[in-house]
Trainee: 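Handing you this structure, nothing more for now.
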Amino acid sequence: MKELVEVIAKALVDNPEEVVVTESEKEDEIVIELKVAASDVGKVIGKQGRIAKAIRSVVKAASSKTEKKVVVEIQ
């Protein structure tokens with residue numbers, strides 16, 4: 001999941017070298033934190049959060065085979 005979010009984010013931003021994705025696993029969920037440059041946050045979130053919602057939908061579809069909930073946090 002981490003690689004998927006990283007590829008999507010790097011394609012969206014102007015500063016792909018500043019994209020940092022971390023993944024932490026808890027009992028029943030996986031948390032993926034996406035950090036981008038301050039100037040790129042709007043590009044990753046999109047108007048009314050549409051791009052962020054799309055990223056979460058893709059990750060949810062990709063993780064459907066795992067029994068854990070996947071949460072994507074954008075910072």
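The basis for the numbers below is simple: all heavy atoms, side chains too, and nothing from hydrogens, waters or symmetry mates.
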Trainee: If I compare all heavy atoms of Ala62 with all of Met1, which pair ends up nearest, and what's the gap?
Mentor: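 Nearest heavy atoms, Ala62 then Met1: O-CE, 3.4 Å.
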Trainee: Can you tell me how far OG1 of Thr22 sits from NZ of Lys2, rounded to the nearest 0.5 angstrom?
Mentor: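 It comes to 7.0 Å.
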Trainee: Which atoms form the tightest heavy-atom contact between Lys10 and Pro16, and what is the distance?
Mentor: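 Scanning both residues, the minimum pair turns out to be CE-O, 3.5 Å.
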Trainee: Answer with yes or no whether the hydrophobic clustering places Val71 together with Leu4; edges join I, L, V, M, F, W, Y residues whose side-chain heavy atoms lie under 4.5 Å apart.
Mentor: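 As far as the 4.5 Å side-chain criterion goes, Leu4 and Val71 are not connected within one cluster.
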Trainee: Kindly compute the distance separating CD (Glu73) from NZ (Lys35), expressed to the nearest 0.5 Å.
Mentor: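 Spacing of CD (Glu73) from NZ (Lys35) equals 10.0 Å.
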Trainee: Taking everything shown except Gln48 itself, do over 12 heavy atoms lie less than 6.0 Å from its CD?
Mentor: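 Atom CD in Gln48 is not crowded, with 12 or fewer foreign heavy atoms closer than 6.0 Å.
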Trainee: Transitively linked via ILVMFWY side-chain contacts under 4.5 Å: Ile51 with Val13?
Mentor: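 Yes.
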Trainee: Drop me the distance from Glu3's CD to Ile32's CD1, to the nearest 0.5 angstrom.
Mentor: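 Spacing of CD (Glu3) from CD1 (Ile32) equals 9.0 Å.
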Trainee: Can Ile45 be reached from Val5 by stepping across I, L, V, M, F, W or Y side chains whose heavy atoms are under 4.5 Å apart?
Mentor: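 Both belong to a single hydrophobic cluster.
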Trainee: Does the side chain to side chain contact (heavy atoms under 4.5 Å, CB included) test come out yes or no for Arg56 and Ile74, once each step is laid out?
Mentor: CA-CA 10 Å; Arg56 290 183 176 116; Ile74 300 170; 4.3 Å; yes
Trainee: Verify the neighbour count for atom CD of Glu17: are there more than 12 heavy atoms of other residues, nucleotides or ligands below 6.0 Å?
Mentor: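 Enclosed: over 12 neighbouring heavy atoms sit under 6.0 Å from CD of Glu17.
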Trainee: So does Lys68 have more than 12 non-hydrogen atoms from other groups sitting under 6.0 Å from NZ?
Mentor: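 Yes - once you tally the heavy atoms of other residues, nucleotides and ligands closer than 6.0 Å, there are more than 12.
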Trainee: Between Asp14 and Asp40, what is the shortest heavy-atom contact and its length?
Mentor: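 Scanning both residues completely, I find the closest heavy atoms to be N-OD1, 3.3 Å.
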Trainee: Could you walk me through whether Glu23 and Ile30 pass the side chain to side chain contact (heavy atoms under 4.5 Å, CB included) check?
Mentor: CA-CA 7 Å; Glu23 183 176 88; Ile30 299 170; 3.7 Å; yes
Trainee: State the NZ-CG distance between Lys26 and Asp28, to the nearest 0.5 angstrom.
Mentor: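 So the NZ of Lys26 and the CG of Asp28 are separated by 9.5 Å.
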Trainee: Linking I/L/V/M/F/W/Y whenever any side-chain heavy atoms sit under 4.5 Å apart, do Ile8 and Val19 land together?
Mentor: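 In one cluster: yes.
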Trainee: Side chains of Asn15 and Val36: closer than 4.5 Å at any heavy-atom pair?
Mentor: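 They are not in contact (no side-chain heavy atoms under 4.5 Å apart), so the answer is no.
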